[in-house]
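Numbers restart at 1 for each chain; the letters A, B, ... are given by sequence-line order, proteins then strands.
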Amino acid sequence: MSARLPTSWGGRAGRYANFKRGVQRFHDPFAHEDLEVALDLQYENWLLARFSPATRSLTLFNEPVHLNARKPAFDAHACLLVHKRDNTRELQLVARSRNEVRGLAGARALGRHLNARLVIRLREDIRADGELLDALDFLRRNATAYSEVSPRLDSAVRSCVIDAQMTSVSAMRDRFEHGDRPQVDAAIARLHAAGEIVITFQKGQGYDGSTELRAG
Amino acid sequence: MTEAPNCAPAEPTATAPTADGVAPPPNQFLGYCDPTYTTLSDIPRYEGVFDKPEHQERFDRLQRALELILQPAADADILAVSPVKERQLARLIQNVFEDQGDDGIVGLRALVYRSGRGLPAPIPLSQAPSSRSFLNCCPMAHRDMAQWPDFDDSNLSGERKARFDRVVRGVERLLAGAMVKEAAEIAGVSESRFRDLFRRAMKVKPGTTRILGLEAFAGYVHSVRRRGKFGSLFQRYVQLESVLTAELLKDKRPNKIHEHQLVSIFRKIIDPETGAVPIPLDEYPHNAPFGLRRPLVEWYQREFMARYMMKVVAHEDGPDAAKALGYTNGDGQASRPSKPYECWEIDEYRIDLFTRFVFPGVHGSNEQLDLPRFYVIVVRERTLGVIIAWRLVLAKQPSAADMALLLRDAVMGQQLARPVMGAATAVEGAGYPATIFPALRWMGPKLILLDNALSHLADVVQEIIVRLFGDGVRFGSAGTPKDRPFVESEIRTAARRVFQQLPNSSGSHPRDPVRKASARRPDFRVEVPALEHCLCGYFTNINVHPKQTSGYNEPFTLLARLINDGALRYLVAVPQFKRRAHYFSLAVERAVRFGDGAHKRPNHINFQGVRYSSKKLRTKKAMARQRLVLRPDYRNLQYLVAFNTDNTEFGVLVAEGVWGRFPHDQRVRSTYAKYRAQAALGPRADDLPMQVLFQYLESGAKSDSTMALELAYILDYFRRNIDTLKFSQLDGNLVIDGCVQAVPEGAEGDHYNGYMEQYFELVSGEEADAPPEVQGHAPDARKRIEAPAAPALPAPKPSVVLAFHQRTASAAPVQRPSGSPPPAPAPQARAPSQAEAPINATAPLQVDRIKSGIRLPRFPRNNK
């Protein structure tokens, strides 16, 4: 593993290169890349897509997408291309309300171009479970903080879930030392993103000791 | 002497019958033609437009000449048509049939007139502005306008009707085969506008199966139905509304439009003799004077204000009020409400105060330095209103290193400022959350909101937030404080309650009466340590006083309750192995250099113009040309921590030469580098960097405010670090009363250990095993992490004379004689300063407890 060097964001020129208004930057600990989106909603949609068991990888178009093939031309930011485990693709766009959906219909041609199905996610769908979003963000931040640590706990966590049938987070935490708990959570997030185990969230519960784990 | 023919080429010149009886070509130009192209339609056409009509006429005549050549016609007929002479025509024909490889011949494009050299570039058909390609958007069924849906244009009048007729004529011309440009000129609109109009006409009308047709050319029709007599006025007199609106939006309008003014303006407009829109006297509203006021005011409030609200507010209440009104439209995004302690806001503010810095002079007197305004950076929690940390920046502009140190203080816990006066001290229980609540120590938030200041946009700031904390960082829209309203409000309140209450305040702006009042007492300026103490008391007391943001509760009380309830379970702590000063910096990769040629230097690394090395690096010859990742500590660049490219720690590198003998931070090094690059420090700058820098800044500090700030910063830095600083090592000629023992040459390890104890943050055994979840007991959960009483180094004297003496003979460092008595102990231990005080210095140094496999080098302790 080579030493990780910081990302060069480009200072003021890089700040306004793609996003004239607000921008949010964060780190993807699973793909080891730094990303930026314009809206909180797009980040939350990224979280849901990233931790979906059906997702294999993601492609976030940081640069604005301009489609001139159809009239009127279509411009969009932060189109999220989801590569699923069943070898299908989804082009996900977010909309704050149903009124915006009509304006995004031009992306259907972009989806065809990318060989992906267009899915428009509404705010009410994305934010249906706020506790779940907090939990997913917690797992992402934990995995980011420990992304440089050698994944020595990954195999142990994997064997606990698959072989020893430990199906709860609390059982997993008790299995390891107290100081290793953040790393256990990071290992669970990594294994979940890799599809080796699956975290089952209960609605409104978030991520706590009662959260269930199972083999992927 | 026979003159050679002008344009006769070698081969096709013969016009007489040849010897074998073959008939000569009917014209001399046929020889230049490609025999595969027999007619004009076979030759590639030109799809471009012409700048001038005469160019198009020239092109048409040349095209006709070419057609005659291919027929073939006689020379005389061809030259009669051709606009150019014989020789030039031959060249043009040659160019027409010039082979371009896969693209075929050049074609008729060669006949286009060009003032410069070269041929016009071929234009793709899709981009060609000709009518043929543009008409592709028009289905064949609609190429005839007679087949378009009917449209009743009787409702149109005036300019709108004239425009409609012009556009219709232009479209007719277009469908007849004219160019778009020509049709647009007929329509009286721009070419792009004409294209948009035509495309719109081809669209299907909503709710029907037919195209929009001529209706697209009618333009926008205001379809608001107004009721009553007043409403019908705007329909009968179309110009009335626009004239009235323009009159109300004039720049010279009175500040407030009252009802009687509104009526007066309206009456002037409709005056039958002098008004812009005259209305006869026998019509409404002249015949009903009392029936005008109410509908006019209603129109003003309901329609005019709704449509031109921003402009009206800008005129009547000023541009600032209009800007504030614009914020009510929102920032374009809706965020979920953040949970407590999960969202921080950071902002920097140039304080409204002219201050003074006092330092000991050469002869024991106090030197005074008047400072311009400088900055304060504040970190505030969003939901509860807790002040996380703050930092005073004695500089013209905060730097990325200042932000990095502030973020470190925010998660590590900031210490209270050194008390210099009796008032404005922190009350019992006041402090900063990471200091008061051990459970919040090293806990980062979920999101940090920043503005777009240059120091915030630096890579190191985002590196710390995004990767070290794992958080998200959000930059708001430019030019609006809407994204960070709480910290902006907090700083504004601090300015009103603190800065502007002190003497020599600059006020909010140059015309602020506060500035004028405080300028009457120019000699009474607040000193920087007093301001720091005052601000520390203010910001810490905020955390323990009822606040509106936290529902008129004490923020710390709520925080303790949340900790006790386990409500902060989604906070993520900085990993243990990263809780070191050098991780709050930007890693850079450098190659190990080695001596070659005349420079027989051992292995070393260059970093910011200074060589760094260590015993390990010097002795391992295999390290030459290897690359190392360096992590500096912005608070002290004396040492770097180096990592191999496989992420394992290599060790600590020490600055060589004079820069390795005393602590100095990023700004000290940058200031020196700036003036050295300007050649302002003289020829001996590298030998005596601090002496020449001090002398240079001192000479210009009285007249240059930037130099005054730089000098104040350097002196303040050394004052803060006087406990750990080996002042006698400063160039060897800084004389300090009661200087501490000098570090002998080559004893970097001893010095390093002393430094690491104070600047490396290592957790003790109890903290290492502490659970990441917060479990406290309010109010007992408040357990202040006491600042260390005093560093292990000798206590300083209460008064220290900093003075540089010009060195004349020897550059040997001034050392305390071995037989001389030790410096007198201070009357009381100096409390650590606000920003630079070491944290957890009382905890034992346990370098072998780091679990990440990283081991720090262990040096023998200095027991002297």
message = Set out, in order, the CA-CA distance, both residues' side-chain angles and the distance that settles side-chain contact (heavy atoms from CB on, under 4.5 Å) for A:V82 and A:L58, then state yes or no.
response = CA-CA 5 Å; A:V82 182; A:L58 298 176; 3.7 Å; yes
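- With a 4.5 Å cut-off on non-hydrogen atoms, B:A478 touches chain A through its backbone and its side chain both.
- For chain A, no part of B:I465 is nearby; none of its heavy atoms comes within less than 4.5 Å.
- No other option in B:V466, B:V473, B:D471, B:L449 has as many heavy-atom pairs under 4.5 Å with chain A as B:V473.
- When each of B:L454, B:N452, B:V460 is checked for heavy-atom pairs under 4.5 Å with chain A, B:N452 comes out on top.
- Listed options A:D134, A:T144, A:L133, A:D208 were ranked by heavy-atom pairs under 4.5 angstrom with chain B; first place goes to A:D134.
- We find that B:D633 and B:R580 are not joined by a salt bridge, their nearest charged nitrogen and carboxylate oxygen being 4.0 Å or further apart.
- Ranked by heavy-atom pairs shorter than 4.5 Å toward chain B, the options A:R140, A:E131, A:E44 are led by A:E131.
- Of the charged side-chain nitrogens involved, none lies within less than 4.0 Å of a carboxylate oxygen, so that B:R336 and B:E342 do not count as a salt-bridged pair.
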query = Is there a side-chain contact (heavy atoms from CB on, under 4.5 Å) between A:R181 and A:F176 once you walk through the steps?
reply = CA-CA 7 Å; A:R181 283 184 181 178; A:F176 295 94; over 6 Å; no
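- Comparing B:V574, B:V588, B:L468, B:L457 by heavy-atom pairs within less than 4.5 Å of chain A, the highest count is held by B:L457.
- A:Y43 and A:W46 have parallel rings, their planes meeting at less than 30° on a 0 to 90° scale where 60° marks the start of perpendicular.
- Between chain B and the residues A:S8, A:G206, A:A143, the largest count of heavy-atom pairs under 4.5 Å involves A:S8.
- Within the model, atoms CZ of B:R193 and CZ of B:R200 stand 7.5 Å from one another, a figure rounded to the nearest 0.5 Å.
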